[in-house]
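For reference, the structure is listed below as structure tokens.
Quick note on labels: first sequence line is chain A, next is B, and so on, each numbered from 1. Computed over heavy atoms, backbone and side chain alike; hydrogens, waters and symmetry mates excluded.
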There are 2 protein chains.
Amino acid sequence: MVTIKDVAKHAGVSVATVSRVLNEIGYVHEDTRRMVEKAIQELDYTPNEVARSLYKRKSRLIGLLLPDITNPYFPQLARGVEDRMQESGFRLIFGNSDESEQKERDYIQTFVQNNAVGIISSTNFPGMESYRRLNIPVVFLDRISSDRPAVYADGREGGRIAAQQIIERGSRRVTVLQGPAHIRPAQDRFQGAVEVLQDTGVAYEVIRTASFALKEAEEKAKELFAAFPDTDGVIASNDMAAIAVLHEALRLGKKVPEEVQIIGFDDIPLIGLLSPPLSTIRQPAYDMGYKAAELMIRLIEGQTVELRNIQMPVEFVERGSTRKKPENEYVDR
Amino acid sequence: MVTIKDVAKHAGVSVATVSRVLNEIGYVHEDTRRMVEKAIQELDYTPNEVARSLYKRKSRLIGLLLPDITNPYFPQLARGVEDRMQESGFRLIFGNSDESEQKERDYIQTFVQNNAVGIISSTNFPGMESYRRLNIPVVFLDRISSDRPAVYADGREGGRIAAQQIIERGSRRVTVLQGPAHIRPAQDRFQGAVEVLQDTGVAYEVIRTASFALKEAEEKAKELFAAFPDTDGVIASNDMAAIAVLHEALRLGKKVPEEVQIIGFDDIPLIGLLSPPLSTIRQPAYDMGYKAAELMIRLIEGQTVELRNIQMPVEFVERGSTRKKPENEYVDR
DNA sequence: ACTTTATGTGTAACCGGTTACTCATTCGAG
DNA sequence: CTCGAATGAGTAACCGGTTACACATAAAGT
């Protein structure tokens, strides 16, 4: 391994001078700089980040914690984060938490042990002690917390839109899937939907789910149609759940969207290719990841951050699991 | 930050003794050990990996390089790798290469700079100088190279199976999508398919593609039906390409599988939920990632590895984009 | 001509661990 | 009872960078 000493020797200067050249700090004579740069070239030297990190007590590493990269929603988030970080020369230590508190703790610990300068996390436990103790910036992604900056989509509005749409398109006995209780955006969606359902006086039922895992979603889908067989509209807690519901509906011989309308949440890839293609509330996942990274970078650089909570807009994506909207409401105007 | 010195002071011993306790190395009196452990507890001390890594010249970090985590095939690979690594206490520095040589080089450099102990890569440039120079183990994943150990699926056999199936199911004018020329598994699939097509004397055409990007696949799908409008069977280079072909076929009003059969490759999530659900050649992506990590760990631990190239089996997954197999072949027996 | 200030470079301490080496004490074998 | 081996623990060098500080020389003010 080529070290700064080798470069110093080769260029006939001290390590301090090489370091100055590397970091473009302090005075270095133009001729000296050239000598050093030549030496660096010739020896193909790259500074060891570990040594640097040790002295500075900070690395160029960011911890990224997601529940499960295998869930089609998360790759987009991850990619957004990576792209922005990469632009500023940060690298990611990546982990799947599987919605397990222990795994989260373990990862947070290794992030700290590796002098990570920040953590971006789609945690399931935002209030966890491990986060509170940290003295590096934390940004919650697709999550909300009162103590930490966060980037998330407007779940409340999403829920409202979903309910409005499903009602306008004719559903009268709606079942709403309530996502995990401890995840704010999931609750917001739920509340937004219920809000509109109540205001408009449309009958609705609720099915609770505890996680975002596909397996659980499948069970809940069965439960849904068993408990409320006359449901004619389902607002799912996310697209994976919507898929499970769609499958179950089809299995039971129900026509979608004629007999049951289904609206998902997220707009994960390929969801528009199902049959019928799923209508959903789109979250800008890539952008959310990107913004979270951006926020993180500002935090790391100690810039005063005006906006610590970034709420992203959502939109209804009309596809085949909802019926066409009757166009008789606002005839003129 | 709590350091080993704080622990030593608190326990009334030297740092060497604390280190011995931590690493369970050398002689430490039982009473002393308890004192130290108590101090560690009370101060909530965790050793700094960076310092450790600097002295040992190796970290607990593994570089993982994938073309694009957003491509539905890769999350599974990544997850397999992560799960196995996690079992042995290794962590991942993760990067997307976007099939760009420059990005790969940059990532390899940072892996080295951070004292990564190994690199697992789905590289597009296995012969690249940057890999050859490395003196840490490299495992290629879903790729093949003569100089490095690799884990990949049996593409040749997969191609053969695809061709056999599509022929048995009645296609007589097959178009084969040839994946990127520099990616061996893609070529193997292609060759396997062509091999069978030639042996059986079925007419076939070829469309070349340069990358695995969805966008390109869409263009090529258009090109395919423009150049060979009477195609009645398509063997795609992967599922994303198969989706593009399916879409284009449907757009042109062709019935799938009645007029055109389509076989994909990979078996990515949700592909079985399309309409029609895509028949495909399944690669055990999660297992491949897991095995690659396992191989890497053996390499790191310096174990003599008998099997440096691990080829995983593939299988045909029959779904709706291929027709039913005529069952008249072996009537009695 | 004489301070000041700016420029240029080297020495050595430091970051937080690990380990080679040293030294002291205890134990067991002959 | 003696001596080598086993046990237990501390000191300091080391890993590869960064930077405070010292020092020398050149340029700029007065």
(message) Test side chain to side chain contact (heavy atoms under 4.5 Å, CB included) on A:R60 and B:T110; report intermediate values, then the result.
(response) CA-CA 10 Å; A:R60 298 293 287 178; B:T110 48; over 6 Å; no
(request) Can you figure out which of D:dA9, C:dT18, D:dG16 approaches the side chain of B:V15 most closely? (result) C:dT18
(request) Could you say whether B:V13 or A:A16 is positioned toward the 5' end of DNA chain D, judged by the nucleotide with the nearest heavy atom to each? (result) B:V13
(message) What is the distance, to the nearest angstrom, from the CD atom on B:Q113 to the C1' atom on D:dC15?
(response) 16 Å
(message) Please report the distance, rounded to the nearest Å, between CG in A:N48 and P in D:dC14.
(response) 18 Å
(request) Please work out if A:T32 contacts a base, only the sugar-phosphate, or nothing of the nucleic acid, heavy-atom cut-off 4.0 Å. (result) sugar-phosphate
(request) Answer yes or no: is there a side-chain heavy-atom contact under 4.5 Å between A:T17 and A:R33? (result) no
(message) Can you see if the side chain of A:Y45 gets near the phosphate of D:dG17 - specifically, an N or O under 4.0 Å from OP1 or OP2?
(response) yes
(request) From the options D:dG10, C:dG17, D:dT18, select the nucleotide whose nearest atom is closest to the side chain of B:S14. (result) D:dG10
(message) Looking at D:dT18, I'd like to know if its phosphate oxygens (OP1 or OP2) sit under 4.0 Å from a side-chain N or O belonging to A:N23.
(response) yes
(message) Under a plain distance cut-off of 3.5 Å, with no hydrogens placed, do B:R184 and B:Q187 share a side-chain donor-acceptor pair?
(response) no
(request) Please tell me which of B:L54 and B:E30 maps to the more 5' nucleotide of DNA chain D, matching each residue to the nucleotide holding its nearest heavy atom. (result) B:E30
(request) May I ask you to say what A:V18 touches in the nucleic acid, namely base, sugar-phosphate or nothing, with a heavy-atom cut-off under 4.0 Å? (result) nothing
(message) Nearest to the side chain of B:R57, heavy atoms from C-beta on, is which of D:dG10, C:dC15, D:dC15?
(response) D:dC15
(request) Name the nucleic acid region contacted by B:V50, choosing base, sugar-phosphate or nothing; use a 4.0 angstrom heavy-atom cut-off, strictly under. (result) nothing
(request) Could you check which of D:dC15, D:dG17, C:dG10 has an atom nearest any side-chain atom of A:A51? (result) D:dG17
(message) Over all strands shown, is A:T3 touching base, sugar-phosphate only, or nothing at heavy-atom distances under 4.0 angstrom?
(response) sugar-phosphate
(request) Measure from the side chain of B:Y55, starting at C-beta and using heavy atoms only, and say which of D:dG10, D:dT18, D:dC14 lies closest. (result) D:dC14
(message) Under 4.0 Å, counting only non-hydrogen atoms across every strand here, what does B:S19 touch: a base, just sugar-phosphate, or nothing?
(response) base
(message) For a 4.5 angstrom cut-off between non-hydrogen side-chain atoms, does A:H10 reach A:Y45?
(response) no
(message) With a 4.0 Å cutoff (strictly under), does any side-chain N or O of A:Y27 reach OP1 or OP2 of C:dT7?
(response) yes
(message) With a 3.5 Å cut-off and heavy atoms only, can you find an N or O donor on one side and an acceptor on the other between the side chain of A:R20 and the base of C:dG10?
(response) yes
(message) Using whole Å, what does the distance between atom C1' of nucleotide C:dG10 and atom NZ of A:K5 come to?
(response) 15 Å
(message) Heavy atoms from C-beta onward define the side chain here; which of C:dG10, C:dG17, D:dA9 lies closest to that of B:T17?
(response) D:dA9
(request) Kindly state each residue pair satisfying ring-ring contact (aromatic ring centres under 6.0 Å, His included) with at least one member in residues 102-137 of chain A, sequence neighbours excluded. (result) A:Y107-A:F111, A:Y131-A:F140
(message) From CZ of B:R60 over to C1' of C:dG17, roughly how many Å is that when rounded to an integer?
(response) 16 Å
